[in-house]
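What follows is a set of notes on a single structure, which appears directly below.
Everything numeric here is computed off the predicted structure, so don't read it as measured data. Chain identifiers are assigned alphabetically (A, B, ...) following the order of the sequence lines, protein sequences preceding nucleic acid strands; residue numbering begins at 1 within each chain.
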2 protein chains.
Amino acid sequence: MTSQSYTKSTSRSLPIALLRARETVMAPVRDMLQNIPMTEQKWRILRVLDELGEVEQSTIAHEACLLLPSLTRILRTMEADGQITRRQDNHDKRCTKVKITDEGRGILEENLLASLVISSNIEAQLGREKLDHLLNLLEELQAVKI
Amino acid sequence: MTSQSYTKSTSRSLPIALLRARETVMAPVRDMLQNIPMTEQKWRILRVLDELGEVEQSTIAHEACLLLPSLTRILRTMEADGQITRRQDNHDKRCTKVKITDEGRGILEENLLASLVISSNIEAQLGREKLDHLLNLLEELQAVKI
DNA sequence: CTCATTTTGTTAACATGTTTACTAATTCGA
DNA sequence: TCGAATTAGTAAACATGTTAACAAAATGAG
């Protein structure tokens with residue numbers, strides 16, 4: 001840090017450190033997704049739907065870290081591609097319930113192995129204990145109240 | 001995880017956990033930046049330039065986690081707004097050297113306090129030891145070879 | 001030296017991010 | 001019960017993300 005620098009080192013800035021770490025981790029995932037083809041966002045949506053079952057769009061947006069306007073557009077193409085289905089909720093007609101289709105699940109299944117290889121590679125290099133510790137700290141961080 | 005779920009819990013997926021953690025941390029930063037007004041990306045660029053001095057665009061792109069096409073556009077507006085200067089390198093005429101201006105530094109300085117308050121708030125809630133440990137793990141993760 | 005290759009950056013096209021404004025359905029208090 | 005406030009989602013506009021194609025300058029093997 002020079003006398004000209006007003007802020008602390010970017011490598012010790014949590015937002016920037018999180019971003020850089022994510023770029024490192026995502027590099028091989030992006031390679032995998034390019035072969036499907038599928039975007040990061042659609043992949044996250046499929047994973048969330050696979051995990052949570054049939055949920056409303058706001059839930060997907062929150063879990064997959066997407067804003068609703070983006071989600072609206074992305075789900076439109078995913079529905080057209082047969083990866084998800086959408087239906088109006090009976091009780092609350094404002095809500096749209098979204099569910100993954102067999103075709104959507106198929107995409108997850110087909111890339112399960114490649115996905116595991118990537119995780120294993122990272123785990124092998126960082127060490128299982130450190131990885132677990134990191135995931136725990138990240139979960140704690142999400143619980144911090146702003 | 002249900003019998004239908006092909007992948008592990010998204011909260012134990014490193015890419016998704018990093019993204020969610022970052023969203024948590026960025027929420028107050030975004031509030032701060034909206035008052036300037038300034039985008040996340042421009043803020044990162046100013047921080048990197050403040051830290052590294054006069055550098056070429058590829059370096060900025062790498063440090064601030066931006067792709068060159070995005071950077072080209074963003075620097076164009078930042079130059080027009082007087083926050084940075086650009087000049088052709090004498091030795092390698094392919095390179096453009098970029099430097100922060102006094103006006104750009106002023107923006108950092110004016111928001112230094114708000115920025116510190118946000119960091120302190122997170123540190124207070126997570127604890128200094130955990131925060132340091134987290135930053136160390138994130139730095140280690142970036143060194144992982146893919 | 002010379003030409004193929006690499007490096008640095010730009011442009012274009014389309015997807016996604018982000019904000020604001022909007023509609024429709026629901027909730028809740030007077 | 002009614003109307004204000006809230007909630008779920010969409011539309012539009014502009015910024016940024018992402019890929020492919022490109023140009024110009026530098027490099028390197030022959």
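- Residue P69(B) has its side chain nearest to dA12(C) when only dA13(C), dA12(C), dT6(D) are considered.
- The nearest pair of heavy atoms linking G82(B) to E103(B) is O-CB, 3.5 Å.
- As rounded to whole Å, 16 Å separates atom P of dA8(D) from atom CG of L75(A).
- Taking only side-chain nitrogens and oxygens, R73(A) never comes nearer than 4.0 Å to OP1 or OP2 of dA13(D).
- Under 4.0 Å is where a charged nitrogen must lie from a carboxylate oxygen, and between D132(B) and R12(A) at least one such pair does.
- Atom pair L68(A):CG and dT18(C):P shows a separation of 13 Å (rounding to whole Å applied).
- Closest to the side chain of L66(A), from the set dG17(C), dA24(D), dA25(C), is dG17(C).
- The residue K97(A) sits apart from the nucleic acid: no heavy atom pair falls under 4.0 Å.
- With rounding to whole Å, L33(B) atom CG is found 12 Å from dT18(C) atom P.
- Nearer to the 5' terminus of DNA chain D, by closest-nucleotide assignment, is the contact made by E56(A) (compared with the other of E56(A) and Q41(B)).
- Under the 4.0 Å criterion applied to side-chain N and carboxylate O atoms, E56(B) and R94(B) are not assigned as salt-bridge partners.
- Taking only side-chain nitrogens and oxygens, T72(B) never comes nearer than 4.0 Å to OP1 or OP2 of dG9(C).
- L14(B) places a side-chain heavy atom less than 4.5 Å from the side chain of L138(A).
- Closest approach of C65(A) and R44(A) over heavy atoms only: O-NH2, 3.6 Å.
- Residue R30(B) has a polar side-chain atom (N or O) positioned under 4.0 Å from OP1 or OP2 of dT18(C).
- Here the side chain of C95(B) is nearest to one of dT19(C), dA8(D), dT8(C), namely dT8(C).
- Checked by distance alone, R86(A) brings no side-chain donor or acceptor within 3.5 Å of a matching partner on the base of dG9(D).
- If you take CG of L67(A) and P of dA8(D), they are 15 Å apart, rounded to a whole angstrom.
- Closest to the side chain of T96(B), out of dT16(C), dA8(D), dG9(C), is dG9(C).
- Distance, Q57(B) CD to dG9(C) P: 5 Å, rounded to whole Å.
- Residue Q88(B) contributes atom CD, which lies 10 Å from atom C1' of dA24(D) at whole-angstrom precision.
- Each of dT18(C), dA26(D), dA25(C) was ranked by its minimum atom distance to the side chain of K93(A); first place goes to dA25(C).
- Considering only side-chain atoms of S58(A), the nucleotide from dT16(C), dG9(D), dT18(C) that sits closest is dG9(D).
- Atom-to-atom, CZ of R44(B) to P of dG17(D) comes out at 7 Å; the value is rounded to the nearest Å.
- Mapping N90(A) and T59(B) onto DNA chain C by nearest heavy atom places T59(B) closer to the 5' end of the strand.
- Of the candidate nucleotides dA25(D), dG17(C), dG9(D), dG17(C) has the atom nearest to the side chain of I74(A).
- Distance E40(A) CD to dT16(D) P: 19 Å, rounded to the nearest Å.
- Using a 3.5 Å distance cut-off with no hydrogens or angles, the side chains of E140(B) and N136(B) do not pair a donor with an acceptor.
- As judged by a 4.0 angstrom heavy-atom cut-off over every strand, L71(A) is placed among residues making no nucleic acid contact.
- Between dT16(C) and T39(A), a contact under 4.0 Å exists linking OP1 or OP2 to a side-chain N or O.
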